[in-house]
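When reading the values below, keep in mind they use all heavy atoms of this one structure, side chains included, and skip hydrogens, waters and symmetry mates.
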Amino acid sequence: VGMAAPAALQRSVVSPAGRHTASLIFLHGSGDTGQGARTWIKQILNQDMAFQHIKVIYPTAPARPYTPMKGAFSTVWFDRYKISNDCPEHIESIDSMCRGLTDLINNEIKNGIAKNRILIGGFSMGGGMAMHLAYRFHQDLAGVFALSSFLNKDSAVYQALKRNESVLPELFQCHGTADELVLYSWGEETNKMLKSLGVSASFHTFPNLLHELSRTEIEKLKTWIIKKLPVEAVKTN
């Protein structure tokens, strides 16, 4: 008997106002939930991050023991040996979550959404998870965004891209200069590495921003989302 299929991830969904032709998956930071990330963005914007044609999905990571919290259970996408860019990645937990998130992507495809009409990204650990998912397993997604995120120095993402030939999803990255949890330099270094490996990547700096989201940043992200997932003209016969 094979392994039991992982339970579908819990999620909070903002439906499009009009016809659903694209999907956006937003991955929360460590210890948060999909609902928590949605509420946080809603507080910053004074409304949901919503679109005419794009469904916004905020999944919740399953709770697991998390080493930086001395093994206490936390809703994290993967485990880390420590919060540093200078240690090995906990690749087993990353890969197992890539499978769970692939189910979420496939679910959107089953609902008639083309893969190049799906964007994935997130905040902090969520952005790191999104980069693994897109650049290692789903290079045909519309794009990736990473807010206050980083990859470890010898990341499996870099190893995968060294062997890569295909066109890669564009990366939209943001980072605050005052971030004390995920250092600005870690984000910058991640961006430079990905660029050197052929990713078309932008890096937006937010002076004095801590490990948090800002309104300017989310507005900038929304503009980029619409650029990557424009409203499709309705085909008439």
Side-chain angles (χ1 to χ4, degrees), residues 9-14 23-45 47-50 54 56-64 66 68-69 74-80 83 85 94 97-98 100-101 104 118-135 141 143-152 155 157 169-188 190-191 194 201-206 208-225 228:
L9 298 168
Q10 284 187 306
R11 65 201 77 165
S12 181
V13 175
V14 183
S23 295
L24 167 71
I25 299 169
F26 188 105
L27 305 178
H28 62 72
S30 58
D32 202 355
T33 61
Q35 184 61 53
R38 175 184 175 175
T39 304
W40 189 20
I41 289 174
K42 197 171 178 172
Q43 280 164 350
I44 295 169
L45 295 177
Q47 59 183 30
D48 264 316
M49 180 167 72
I54 306 168
V56 185
I57 306 165
Y58 295 95
T60 295
R64 60 159 295 129
Y66 189 45
M69 286 171 49
S74 186
T75 48
V76 289
W77 297 110
F78 50 86
D79 199 7
R80 293 187 190 285
I83 299 175
N85 70 341
I94 293 173
M97 191 47 62
C98 282
L101 288 165
L104 191 59
I118 300 174
L119 268 182
I120 185 148
F123 174 72
S124 191
M125 174 185 264
M129 185 74 232
M131 291 187 277
H132 273 273
L133 189 64
Y135 293 121
L141 288 168
V144 186
F145 60 92
L147 316 173
S148 313
S149 307
F150 74 102
L151 290 170
N152 293 26
S155 176
V157 173
E170 186 187 323
L171 174 69
F172 177 94
Q173 205 178 338
C174 297
H175 218 113
T177 59
D179 194 328
E180 287 169 4
L181 185 68
V182 174
L183 301 186
Y184 177 80
S185 60
W186 300 355
E188 203 176 27
T190 299
N191 194 273
L194 290 171
S202 59
F203 190 75
H204 306 271
T205 299
F206 293 82
N208 307 321
L209 187 69
L210 300 165
H211 194 64
E212 59 189 342
L213 295 170
S214 80
R215 182 164 188 148
T216 326
E217 178 185 23
I218 297 170
E219 295 293 1
K220 235 183 194 154
L221 173 63
K222 280 187 74 170
T223 305
W224 180 78
I225 289 167
K228 299 309 293 178

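With a 4.5 Å cut-off on side-chain heavy atoms, Ser202 and Asn191 do not count as touching. Counting heavy atoms from C-beta outward, Met97 and Leu101 have side chains that approach closer than 4.5 Å. Proximity of Val13 to Val56: side-chain heavy atoms (C-beta onward) are nowhere separated by under 4.5 Å. Side-chain contact between Lys222 and Glu219 is present, with heavy atoms from C-beta onward closer than 4.5 Å. Within the 4.5 Å cutoff, side-chain heavy atoms of Tyr66 are placed close to those of Asp79. Looking only at side-chain heavy atoms (C-beta outward), Leu24 and Ile57 stay at 4.5 Å or farther from each other. Here the side chains of Pro62 and Leu9 are in contact, with some heavy-atom distance below 4.5 Å. At a threshold of 4.5 Å between non-hydrogen side-chain atoms, the residues Asp179 and Leu209 do not count as touching.
The minimum heavy-atom distance linking Glu217 with Leu147 is given by the pair OE2-CB, 3.6 Å. Across all their heavy atoms, Gly29 and Ser124 have their closest contact at CA-CB, 4.3 Å. Residues Ser12 and Arg38 approach most closely at OG-NH1, 3.1 Å, considering heavy atoms. When all heavy atoms are compared, the tightest approach of Ser30 to Val76 is CB-CG1, 3.5 Å. Pairing each heavy atom of Asn208 with each of Thr177, the nearest pair is N-OG1, 2.8 Å. Shortest non-hydrogen contact noted between Ala130 and Leu27 is N-CD1, 3.9 Å.
Under the 3.5 Å distance criterion, the side-chain polar atoms of His175 are matched with a main-chain donor or acceptor of Val182. No side-chain donor-acceptor contact under 3.5 Å links Gln173 to the backbone of Ala201. The backbone N or O of Leu151 lies less than 3.5 Å from a partner atom in the side chain of Thr190, making a donor-acceptor pair. One N or O on the side chain of Thr60 and one on the backbone of Gly34 form a donor-acceptor pair closer than 3.5 Å. For the pair Glu212 (side chain) and Leu210 (backbone), a donor-acceptor distance under 3.5 Å is present.
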Could you give me the CA-CA distance, side-chain angles and deciding distance for Glu170 and Trp224, then say whether side-chain hydrogen bond (donor to acceptor under 3.5 Å, both in side chains) is met? CA-CA 10 Å; Glu170 186 187 323; Trp224 180 78; 2.9 Å; yes
List the steps, then state whether side-chain contact (heavy atoms from CB on, under 4.5 Å) holds for Met131 with Ser149. CA-CA 9 Å; Met131 291 187 277; Ser149 307; 4.2 Å; yes
Full working for ring pair (Phe, Tyr, Trp, His ring centres under 6.0 Å) between Phe145 and His204: CA-CA 11 Å; Phe145 60 92; His204 306 271; over 10 Å; no
Assess the residue pair Leu119 and Ile25 against the criterion (side-chain contact (heavy atoms from CB on, under 4.5 Å)); give the C-alpha distance rounded to whole Å, side-chain angles, the decisive distance to 0.1 Å, and a yes or no. CA-CA 6 Å; Leu119 268 182; Ile25 299 169; over 6 Å; no
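Lys42 pairs by the salt bridge (Lys or Arg N to Asp or Glu O under 4.0 Å) definition with Asp48, not counting sequence neighbours. For the salt bridge (Lys or Arg N to Asp or Glu O under 4.0 Å) test, no residue two or more places apart in sequence or in another chain qualifies with Glu188. Applying the ring-ring contact (aromatic ring centres under 6.0 Å, His included) test to His28 and every residue at least two apart in sequence or in another chain returns Trp77.
For CD of Gln35, the number of neighbouring non-hydrogen atoms (other residues, nucleotides, ligands) closer than 6.0 Å is greater than 12.
Using bins of under 30°, 30° to 60° and over 60° for the plane-to-plane angle, the ring pair Trp40/Phe123 lands in the perpendicular bin.
Tyr184 and Phe203 have their aromatic ring centers within a separation under 6.0 angstrom.
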